[in-house]
Amino acid sequence: MKNLLFMMVLLLMIAGCSKDKEETVDAEDPIVDETTDENPSEDDEDEVVTLPYAAPFTGERSEEEFTKRPVLVTINNHPKARPQSGLTSADIVYEMVAEGSVTRLLALYQSELPDRIGPVRSARDYFIEIASGLDAFYVAHGYSPEARLLLTTGYVDNINGMQYDGTLFFRSRDRVAPHNSYISGEHVIAGMDKVEARQEIEKIPTLAFYDLEEEVPLSALASTIDVRYGGSEDFHHVYSYDTLTQQYSRSSGGVVTIDRETDEEIRLANVMFFEMAHQTIDAAGRQQLDLTSGGKGYLFQAGMMKEIEWQQIDGVLVPMENGEPAKLVPGKSWIHFVKTNPGIDQMVTFTP
């Protein structure tokens, strides 16, 4: 009987030790269900989240809708006005002849409006036509006779430094007139309020952009682009493609184009050239440009060049390819207007 009792106690002790051991194993080494994938797959990690809203003039996407009306500002491009302020914030910069071979810039702001813009320069009638086509609020300081007529008859919503010098517009002390007129983004908005101009965008341009995951089709390689307006080096511009940033930098007269306020270089996703007829209309060398007939064009993007055409569609100058708006790389663009004589093939060259 004693032996039987001893054997029962021994078995109970062994069972208790086994249970303790099992509990220890469970606590330290939990059993993993191998049928459950607790780690994200490579496909999940590589999944691109597309933000809901695209900026109408850059194609860049955001969580917030782009509701502001575009603003178009005439920017001085004389060597004494460089470097300019606010160019890095422009969605698109248009460059064209104002008189002779001296070019002027039209900076289009919609996705952002910088603190300081300028030097602001005078209007031409074809600048105003571009602003009207874009449904943009137009800012300039001064005007040609033809431009003055359009502005004073309400062709576009606008403010001009001739009426608001010293109030909305201010003068820089380290430059001399006419290269020293500036305006702030805050004063642009104040000017819109003053003339009771609409501040919300209503017209979306007919521009097309690649999706983020799309690749630009292969075409002629073009790492460097060269364009000359006349014989002056001051208006000899060079664009260089950076394969790391996948953007173009720009120089004029051998000097890199930067923003005066930030020292930041201009970085562009697309560089375009539209060929159009120019006509000299007065002794000062002022020009008249044909903005309606369309014509030949070049589009540079992703280190490559393709021949395109341009058309005016609902007032907006649009790059076209095979009858459809040519796709642009999301980002900022610079558009040159070049003369049919000597022609785009003579004014613009590029190297692989």
Side-chain angles (χ1 to χ4, degrees), residues 69-82 84-87 90 92-109 113 116-172 175-185 187-198 229 235 276 278-292 315 317 335 337:
R69 185 180 185 180
V71 173
L72 191 71
V73 185
T74 300
I75 303 291
N76 193 337
N77 195 37
H78 192 280
K80 292 182 180 179
R82 302 172 186 164
Q84 296 94 336
S85 299
L87 288 183
I92 300 175
V93 175
Y94 300 88
E95 180 168 356
M96 66 206 75
V97 170
E99 60 259 343
S101 296
V102 177
T103 66
R104 204 158 286 177
L105 312 177
L106 297 178
L108 178 69
Y109 302 99
L113 192 60
R116 185 181 178 106
I117 306 171
V120 184
R121 201 64 169 87
S122 60
R124 296 290 183 269
D125 55 344
Y126 46 97
F127 300 174
I128 298 169
E129 290 176 19
I130 293 169
S132 176
L134 294 165
D135 189 32
F137 184 75
Y138 181 57
V139 180
H141 192 146
Y143 26 62
S144 67
E146 298 81 9
R148 181 179 184 179
L149 180 62
L150 290 175
L151 294 176
T152 55
T153 55
Y155 191 79
V156 293
D157 292 334
N158 77 97
I159 53 174
N160 196 286
M162 296 297 284
Q163 288 76 47
Y164 298 105
D165 196 2
T167 54
L168 296 177
F169 294 75
F170 57 92
R171 298 283 184 169
S172 171
R175 289 179 174 174
V176 298
H179 312 299
N180 64 347
S181 176
Y182 292 83
I183 192 168
S184 67
H187 281 185
V188 170
I189 301 301
M192 298 174 86
D193 287 334
K194 185 176 286 291
V195 300
E196 298 181 347
R198 171 176 42 83
Y229 288 90
F235 297 96
M276 60 185 65
H278 290 54
Q279 182 181 359
T280 303
I281 60 173
D282 61 21
R286 294 192 181 99
Q287 300 290 301
Q288 182 65 56
L289 275 60
D290 181 357
L291 299 174
T292 60
L317 306 185
I335 302 177
F337 297 168

Close side-chain approach of L289 and M96, heavy atoms under 4.5 Å: yes
Listed once per pair and sorted, the ring-ring contact (aromatic ring centres under 6.0 Å, His included) pairs that draw on residues 126-156, sequence neighbours left out: H141-F169
Spatial distance of atom CD (E196) from atom CZ (R198) [nearest 0.5 Å]: 14.0 Å
Check: Y109 side chain, G86 main-chain N or O, donor-acceptor pair, under 3.5 Å: yes
R69: salt bridge (Lys or Arg N to Asp or Glu O under 4.0 Å) partners, not counting sequence neighbours: D135, D157
With H278 via ring pair (Phe, Tyr, Trp, His ring centres under 6.0 Å) - residues at least two apart: none
Within-4.5 Å side-chain heavy-atom neighbours: Q84 and N77: yes
I281 vs E146 side-chain heavy atoms within contact, under 4.5 Å: yes
4.5 Å side-chain heavy-atom contact, V120 and V73: yes
Spacing of CZ belonging to R116 relative to CD1 belonging to I183, to within rounding of 0.5 Å: 12.0 Å
Under 3.5 Å donor-acceptor, N160 side chain and G142 backbone: yes
Any donor-acceptor pair under 3.5 Å from R171 side chain to G166 backbone: no
Beyond-backbone contact of L113 with I189, side-chain heavy atoms, under 4.5 angstrom: yes
Taking every non-hydrogen atom, the tightest pair across L291 and F337: CD2-CE1, 4.0 Å
Non-neighbouring partners of R121 that pass side chain to side chain donor-acceptor pair (under 3.5 Å), sequence neighbours left out: none
Stepwise side-chain contact (heavy atoms from CB on, under 4.5 Å) test for S144 and E99: CA-CA 11 Å; S144 67; E99 60 259 343; over 6 Å; no
Check: H187 side chain, L168 main-chain N or O, donor-acceptor pair, under 3.5 Å: yes
Residues that Y182 engages under ring pair (Phe, Tyr, Trp, His ring centres under 6.0 Å), provided they are two or more places apart: none
Nearest heavy-atom neighbours spanning L151 and A123: CD1-CB, 4.2 Å
From CD1 (I75) to CG (L106), nearest 0.5 Å: 8.5 Å
Partners meeting side chain to side chain donor-acceptor pair (under 3.5 Å) with S184 (sequence neighbours left out): none
Residue pair Q279 / D290, side-chain donor-acceptor N/O under 3.5 Å: no
L105 vs L87 side-chain heavy atoms within contact, under 4.5 Å: yes
Side-chain H-bond candidate by donor/acceptor type, R104 with S122, under 3.5 Å: yes
Shortest non-hydrogen contact between P119 and N180, atoms and distance: CB-N, 4.3 Å
Nearest non-hydrogen partners of V93 and A90, listed with the distance: CG2-CB, 3.8 Å
Spacing of CG belonging to N158 relative to CG belonging to L72, to within rounding of 0.5 Å: 11.5 Å
Exercise: identify the closest heavy-atom pair between P70 and L108: CB-CD1, 3.7 Å
Min side-chain heavy-atom separation R286-P145 under 4.5 Å: yes
Heavy-atom closest pair, residues P178 and N76: O-ND2, 3.4 Å
Neighbour count >12 (heavy atoms, 6.0 Å) for atom CZ, R148: no
pair V102-F235: side-chain heavy atoms closer than 4.5 Å: yes
Side chain Q287, main chain G285, donor-acceptor under 3.5 Å: yes
